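When a ligand or atom number is given, it counts from 1 through the structure's own listing order. Nothing here was measured: the structure is a model prediction, and the numbers come from that model.
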Amino acid sequence: MISSTDKTIVNSWNEWDPLRHIIVGRADGGCIPPGEPALDAKVPEDSDMRGRWGPRPAEAVERANAQLDNLTAVLEARGVRVDRPTPIDFSHPVATPDWETASMMGCMPPRDVLLTLGSEILEATMSYRCRWFEYLCYRPLLERYFEEDPDMRHEAAPKPRLTDADYHADYLSDTISIAQRLDWTAARHFVTTEAEPLFDAADVLRFGRDLVVQHGFTTNLKGIDWLARHFPAHRVHMVNFPGDPYPIHIDATFTPLRPGLIINNPDRRLPDDQRKLFEDNDWEIVEAARPAHNRPPPLCYSSVWLSMNVLMVDPKTVIAEASEVHQLDQLDRLGFEVIPVPFRDAYAFGGALHCATTDVCREGTCEDYFPRQTHRI
Ligand code: NVA
C-alpha cells in the first residue's frame, strides 16, 4: 500500500497506462435532484425516477459506500494510492443570480467533474444546475495536490450561467418518443443550446495527443471548441453516437482498453464518417458484449451499458463489474487479466467503475497514437 507521505505527482495522458494514484467517489448524502431542463431530458420516460427527488435512503448510501470502499481496497492492494472527496450537504437548495434549485446531487462520480491531462486537473463547466457546485467536494484534494506537486496546474473552465437560454424548449416536453429522440440525436439536436461553452469531463476520452469528445446533452460544440483552445498542443475530435436516445458521458458507449483497441456499444455505433481516424491508424473498434442485465438498478440515471464502464489498471489489467458476465468473458477473450468487483449498488449514485473514479497519476508520457491524420474530425 502507498502511504500518505508518498510524493504527489499529477500526470495522466490516457485511459490505460499503469495507474499510480486515483480519486474514488463517495455516496454520502447522495440526492435525487429535482427536475431541471438538462436532467429531465436524460431521465427516460419509463424511469422510476420520474417525479421523484430528495435524499436517497440511508441503507442505499451504506450499500453503495461498501462497494466504493471495496474498490478502494482492491486498488490499494495493487499499490495504487486512493484519495476520496469531501462531501458537502447536498440536500440544501442552491442558487446563483440566474437560478435556484432545491438540492444538489452528490460526489460519487468524480469522472464527470474533473479532467486530468498531463499535470493539469481541469474542473469542467458542468451542464446541470444541481451539479454546478460539485467541484467544491474536490477542492481539498486539488489544493493539496497543488501544494505537493510544484508542476500541478489547477484549472477551472468558465462557470456557465445555465439560464433557460442553455436549453432547447422542445426537449422540455414529458412525452418525447424514443423515435423522436433518436432522430434528434442523429441530427445532433440536443437539449443543450450553443449559448455558452458547456462540457462534462466524462464526455472526454484521452488518447495522449488526441482527445475524443462526445457532442451530446452534456457537452455542446462551444464546449468542444473551448477544450480545443484550452489544450492547443492536442488535437480535439468531436464524435457522436446516433443510436443513443439520451447521449450523456461517453464512457458507456466508447471505451478504449489499450493502444489500438476500443469497445463500442453496438446500439450506439460510431458513424462510418467518424471512423477514419481510428482506421487510418490501425485501431480496432470491436462491438462490446451485451450487458448481463435487462434493466438498471432502481432509481438509477444510467443505462444497462454501465457494463462497459470499466477501469483500466494498466494496459493488460481491467476492473469490471462482477455480475457483468458477458463483459467479463469478452475482456478475458481479448487477453486481459480481469478483476471483477461488485458495484451495482453504487450505480444509482452516478455510474460504474470509470465514472466513480478519476485519474491523478498514471505512468507514461504524452504519446501520439494517431500519427496518420490530416485534419480534425
Ligand atoms: N449515457 C450513459 C452514461 C453512463 C456513464 C448511459 O449509458 O447511461
- [ ] Dump the intermediate steps for side chain to side chain contact (heavy atoms under 4.5 Å, CB included) on Asn220 and Phe190, then the final yes or no.
- [x] CA-CA 8 Å; Asn220 62 11; Phe190 301 115; over 6 Å; no
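- You'll find the side chain of Arg344 reaches within 4.5 Å of the side chain of Pro297, heavy atoms only.
- If you look at Arg268 next to ligand 1, the close heavy atoms, those under 4.0 Å, all belong to the side chain.
- In this structure, Gly351 does not count as a contact residue of ligand 1, since none of its heavy atoms falls inside 4.0 Å of the ligand.
- Side-chain polar atoms of Glu143 and His154 form no donor-acceptor pair below 3.5 angstrom.
- Heavy atoms of Leu306 found under 4.0 angstrom from ligand 1 belong exclusively to the side chain.
- Scanning all protein heavy atoms for the shortest distance to atom 3 (C) of ligand 1 gives Ile248 O, 3.5 Å.
- Proximity to Ser302 (heavy-atom distance under 4.0 Å) selects the following atoms of ligand 1: 8 (O).
- The distance from ligand 1 to the heavy atoms of Cys355 drops below 4.0 Å at these ligand atoms: 5 (C).
- Taking a cutoff of 4.0 Å between a charged side-chain nitrogen and a carboxylate oxygen, Arg129 and Asp98 do not qualify as a salt bridge.
- Residue Lys42 touches ligand 1 through its side chain alone, judged by heavy-atom distances below 4.0 Å.
- Heavy-atom proximity to Ser303, at under 4.0 Å, picks out these atoms of ligand 1: 6 (C), 7 (O), 8 (O).
- Contacts with ligand 1 closer than 4.0 Å are made by no heavy atom of Ala202, backbone or side chain.
- Cation-pi geometry between Arg235 and Phe370 is not met at under 6.0 angstrom from the ring centre and within 45 degrees of the axis.
- Within the 4.5 Å cutoff, side-chain heavy atoms of Tyr138 are placed close to those of Ile23.
- Asp251 OD1, 3.3 Å is the protein heavy atom nearest to atom 5 (C) of ligand 1.
- Pairs of residues two or more places apart, or lying in two chains, that qualify as side-chain hydrogen bond (donor to acceptor under 3.5 Å, both in side chains) and include a residue from residues 27-42 are Asp28-Asn65.
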